[in-house]
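Scroll down for the structure; my scribbles are underneath it.
For ligands, and for the atoms within them, numbers begin at 1 and follow the listed sequence.
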Amino acid sequence: MRLEGKVAIITGSAQGIGEEAAKIFAREGAKVVVADYSAEGGEKTVEDIKNAGGEAMFYKIDVSDYSACEEMIDRTVEEYGKLDILVNNAGITADGFLVKMSEEAWDKVIDVNLKGVFNCAKHAAKAMMKQGGGAIINATSIVGLYGNVGQTNYAAAKFGVIGLTKTWAKELASRGIRVNAVAPGFIQTPMTDAVPEKILGKMEAKTPLKRLGKPEDIANAYLYLASDESSYVNGEILSVDGGLVLG
Ligand code: CAA
């Protein structure tokens, strides 16, 4: 039990990587707040966790809403008494070439993928400071390290998340809060289902391990960064991409 007695919020946990992370965290002993705007998927994640003997609650949230994020942190502390781990996993795409990208597509991806991380971390950090420590894990992407054709908005947000991670790692360390990020490559989730087959095939071929990632590949990296096994890891951007960064 690597997270025995810990309380964790995982955003975007109604499906994909977040869902897998919520299940793994619960299996490792954490009480998990399954935070997502999709009630259907979120409730299902909670039900699966409870059926497996774990503890979890669903919290409906749009992470781009500043005050809703504050309420979520308050509610978590009310319900479970504290907050040890925040995984800023929620993210969306609205891909398109620069010259075709609408202002709306830019705004919504920045609001969820960048501002959403600020909104949750700001209020979580306050709660963690009061109790003397915690761990924040942010989802960036290989796209946040190298850019990607058709992802102006997403790349900007994910580059931004790396900046937030390094800044908070310096700023919050003295308060016992570690901040790290995971940079997934191409992982088999509903998000990549929307990518044209031809492009996914190219990415797979460029990956030295010759396969797309699975949600648990990323969830296990979150688990490591959330657990005490990584107690001297701070400000790290951990690539989990089958070696695609090398290509
Ligand atoms: N590399 C190089 N050239 C590309 C390209 C790429 N990745 N994508 C498109 N092009 C070029 C090609 O020349 C293509 O012509 P062909 O038909 O000869 O291949 C031309 O652009 C036109 O492409 P589309 O017909 O696809 O143009 P579109 O306007 O319909 O769609 C697009 C553009 C939305 C960017 C689409 O190509 C697309 O969805 N690309 C995938 C973007 C992507 O990789 N998203 C990752 C999402 S997963 C994620 O974000 C998770 C994570 O963290 C990794």
Side-chain angles (χ1 to χ4, degrees), residues 10-22 36-38 41 63-64 87-118 120 136-166 180-222 224-225 236-247:
I10 304 178
T11 67
S13 40
Q15 61 177 15
I17 293 167
E19 176 189 352
E20 194 60 37
D36 204 292
Y37 67 77
S38 162
V63 294
S64 67
V87 184
N88 281 309
N89 168 78
I92 59 168
T93 53
D95 294 349
F97 295 123
L98 169 64
V99 292
K100 287 196 196 161
M101 186 169 285
S102 65
E103 184 182 8
E104 190 202 356
W106 167 267
D107 285 345
K108 76 176 185 191
V109 170
I110 298 295
D111 278 356
V112 173
N113 295 12
L114 184 60
K115 187 181 173 204
V117 174
F118 164 75
C120 293
I136 297 175
I137 297 120
N138 296 326
T140 178
S141 165
I142 189 166
V143 176
L145 288 163
Y146 299 103
N148 189 26
V149 176
Q151 293 204 285
T152 292
N153 45 8
Y154 189 84
K158 295 299 187 181
F159 265 81
V161 167
I162 292 175
L164 299 180
T165 303
K166 293 187 175 183
N180 292 288
V182 176
F186 282 73
I187 311 300
Q188 278 171 320
T189 64
M191 186 181 268
T192 47
D193 287 348
V195 177
E197 199 58 44
K198 203 171 89 178
I199 291 170
L200 273 188
K202 263 200 226 164
M203 292 300 175
E204 196 172 335
K206 267 173 66 180
T207 304
L209 283 179
K210 299 292 174 226
R211 68 168 175 90
L212 298 180
K214 298 185 189 120
E216 61 261 37
D217 293 323
I218 306 306
N220 281 320
Y222 289 165
Y224 167 66
L225 292 172
E236 176 63 17
I237 313 302
L238 177 59
S239 286
V240 182
D241 60 12
L244 182 54
V245 282
L246 307 169

Please indicate whether any nitrogen or oxygen in T192 is less than 3.5 Å from any nitrogen or oxygen in ligand 1.
no

For atom 29 (O) of ligand 1, is the nearest protein heavy atom closer than 4.0 Å?
yes

Would atom 42 (C) of ligand 1 count as contacted, meaning some protein heavy atom under 4.0 Å?
yes

Mark up the atoms of ligand 1 that fall under 4.0 Å of a heavy atom belonging to M191, in ascending order.
49 (C), 51 (C)

Return a yes/no value: protein heavy atom under 4.0 Å from atom 25 (O) of ligand 1?
no

Please check atom 3 (N) of ligand 1 for a protein heavy-atom neighbour under 4.0 Å.
no

Which protein non-hydrogen atom lies closest to atom 5 (C) of ligand 1, naming both residue and atom, and how far is it?
V149 CG1, 3.7 Å

Please check if a non-hydrogen protein atom sits closer than 4.0 Å to atom 12 (C) of ligand 1.
no

Test your reading of the structure: does Y154 have an N or O sitting under 3.5 Å from an N or O of ligand 1?
yes

I'd like to know if G185 contacts ligand 1, where contact means a heavy-atom distance under 4.0 Å to any ligand atom.
yes

Which protein heavy atom lies closest to atom 20 (C) of ligand 1, and at what distance to 0.1 Å?
F97 CZ, 4.2 Å

Where ligand 1 meets S141 - atom numbers and elements under 4.0 angstrom, heavy-atom basis:
52 (C), 53 (O), 54 (C)

Between the candidates N113, N148, V195, which shows the shortest non-hydrogen contact distance to atom 44 (O) of ligand 1?
N148

Under 4.0 Å from ligand 1, counting heavy atoms only, is it the side chain of M203, its backbone, both or neither?
neither

Against ligand 1, does K158 come closer than 4.0 Å with any heavy atom?
no

Do L145 and I162 have side-chain heavy atoms sitting under 4.5 Å apart?
yes

With the threshold set at under 4.0 angstrom, would you say K198 reaches ligand 1 through any of its heavy atoms?
yes

